Amino acid sequence: MTDFFAGISPVTYNPNAPADQLAYRHYNADEIVAGKRMEDHLRFAVAWWHSFAWPGMDPFGGQTFERPWFGDTMDLARLKADVAFEMFEILGQPFYCWHDADIRPEGDSFAASKRNFEEIIDYLGGKMEAGGPALLWGTANLFSHRRFMSGAATNPDPEVFAWSAATVKNCIDATHKLGGENYVLWGGREGYETLLNTDLARERVQAGRFLQMVVDYKHKIGFKGAILIEPKPQEPTKHQYDYDVCTVYGFLKEFGLEGEVQMNIEQGHAILAGHSFEHELATASALGIFGSIDMNRNDYQSGWDTDQFPNNVPEAALAYYEVLKAGGFTTGGTNFDAKLRRQSLDPLDLIAAHVGAMDICARGLKAAATMMEDGGLEEARAARYAGWDEVAAKSLLTSDTLEVIEARVASGGIDPQPRSGQQEILENYVSRFV
Ligand code: XUL
Ligand code: CO
């Protein structure tokens, strides 16, 4: 045992806990909601990078957090893992996630980094076997080190492409070894700063080939988890290729991978792309590529990716409504890709942030399930599209041609009458539940 979380006991469900006591007031893992345990619906995961590796810097200042495990040795990496699993025990969440770079120190060669990584993976494996949470997903950090400054798969230098491919191979192997449920690719620097030095067509082909190799390798080793792409429109690069769900779908179609890859949709990334979170979720569901979510919001005034813990129940309700409509998570889950504010220095801040976020999501899920059960939105939607149930309307989408349609409209049988979209009435309806 380390003493990092000294004095903080495992958090339990207690809706009547005194105000100053840490407790889940809404998240009750075993409670049945819409036919399933809440834990199985929400499938919460802690993100290793923000919780244990992020030092609290911003563009004007460096490290604010002082953590006893900060440093580049294997002993410190093991200490970091010890503290992480102590936090998991306090929270009791079922999953966690990592990048390779979060859990192991960088070595002075590829082979040395690989050795460090494999040693830590075995260390994590031991802790998972001893009762720790399962791995929701693993991923490679192909954006922090300076070798990736011009991209990974889309780098103009084929040696960086090769380094990245080799890194991803090892990360998929490790994810597979730990029984991970998904493997994520976020194209951190797969994009460009200026077209003046960029061959955009070539970079697309490189990214397509890279992803095909990932999918081939997954099948070769028998990894049953999903491959997930996490769209983001910009930051760190000015323009990123995986802009949003629709853009990624076009890319998957181009390279014949639409049946192989699903989406990890992040709330903050959706907002950066000029969408709502629920728009991205509904789009992925409509395209049959919904996978998992990163449940972290942005500050709406800042205009960049602030990765804050969720705190808005109505937003969470609309998001989980889409998740429920999509049939819920299969391999996916709710990952808190969220970091503390840099002034939130204390171990207690880290625990409280996750506890509050889990309660917000639980409230969102419960509201979404009640709304779904009530059925008001689906009834209104069905009524709005009821005209399409008519035989004549169905043939518009199957056998009719423009000439046939024109003849029908010209003969006077069609006279469209505008009808209210009832947005305010539907907004009033939703607010009854949230
Ligand atoms: C960055 C981001 C990443 C991915 C994993 O904005 O969301 O943390 O989730 O690489
Ligand atoms: Co993310």
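Indexing begins at 1, ligand by ligand and atom by atom, following the structure's order. These numbers were taken from a predicted model, which means no experiment stands behind them. Numbering of residues begins at 1 and proceeds along the displayed sequence.
- Using modelled atom types, one side-chain atom of Gln63 and one backbone atom of Phe65 make a donor-acceptor pair closer than 3.5 Å.
- Residues Arg147 and Glu159 are not paired through a salt bridge, judged by the lack of any N-O separation under 4.0 Å between the basic side chain and the carboxylate.
- Salt bridge annotation for Lys339-Asp307: present, with a cationic side-chain nitrogen under 4.0 angstrom from a carboxylate oxygen.
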Distance-only check: which donor-acceptor pairs under 3.5 Å involve side-chain atoms of residues 318-329, not counting sequence neighbours?
| residue | atom | partner | partner atom | Å |
| --- | --- | --- | --- | --- |
| Tyr320 | OH | Thr334 | OG1 | 2.8 |
| Tyr321 | OH | Glu378 | OE2 | 2.4 |

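- For a distance threshold of 2.8 Å, the protein N, O or S atoms nearer than that to the Co ion (ligand 2), listed by chain and number, are Glu230 OE2, Glu266 OE1, Asp294 OD2, Asp337 OD2.
- Side-chain atoms of Trp69 come within 3.5 Å of backbone N or O of Phe52 as a donor-acceptor pair.
- Using a cut-off of 4.0 Å between Lys/Arg side-chain N and Asp/Glu carboxylate O, Asp359 and Arg363 are scored as not salt-bridged.
- Looking only at distances, a side-chain donor or acceptor of Lys232 sits under 3.5 Å from a matching main-chain atom of Glu235.
- In summary, the aromatic rings of Phe88 and Tyr96 are positioned with their centroids under 6.0 Å apart.
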Check: residues 118-128 side-chain donor-acceptor pairs under 3.5 Å, at least two apart:
| residue | atom | partner | partner atom | Å |
| --- | --- | --- | --- | --- |
| Glu119 | OE2 | Arg78 | NH1 | 3.1 |
| Asp122 | OD1 | Lys177 | NZ | 2.9 |
| Tyr123 | OH | Asp82 | OD1 | 2.6 |
| Tyr123 | OH | Asp82 | OD2 | 3.4 |
| Lys127 | NZ | Asp82 | OD1 | 2.9 |

Enumerate, one pair per line, all nitrogen or oxygen atoms of ligand 1 lying under 3.5 Å from a protein nitrogen or oxygen, stating the separation to 0.1 Å; write 'none' if no such pair exists.
| residue | atom | partner | partner atom | Å |
| --- | --- | --- | --- | --- |
| ligand 1 | 6 (O) | Lys232 | NZ | 3.0 |
| ligand 1 | 6 (O) | His269 | NE2 | 2.9 |
| ligand 1 | 6 (O) | Asp305 | OD2 | 3.0 |
| ligand 1 | 7 (O) | Glu230 | OE2 | 2.6 |
| ligand 1 | 7 (O) | Glu266 | OE1 | 2.7 |
| ligand 1 | 7 (O) | His269 | NE2 | 3.3 |
| ligand 1 | 7 (O) | Asp337 | OD2 | 2.7 |
| ligand 1 | 8 (O) | Trp49 | NE1 | 3.2 |
| ligand 1 | 8 (O) | Asp337 | OD2 | 3.0 |
| ligand 1 | 9 (O) | Glu230 | OE1 | 2.7 |
| ligand 1 | 9 (O) | Glu230 | OE2 | 2.9 |
| ligand 1 | 9 (O) | Asp294 | OD2 | 3.1 |
| ligand 1 | 9 (O) | Asp337 | OD2 | 2.9 |
| ligand 1 | 10 (O) | His99 | NE2 | 2.7 |

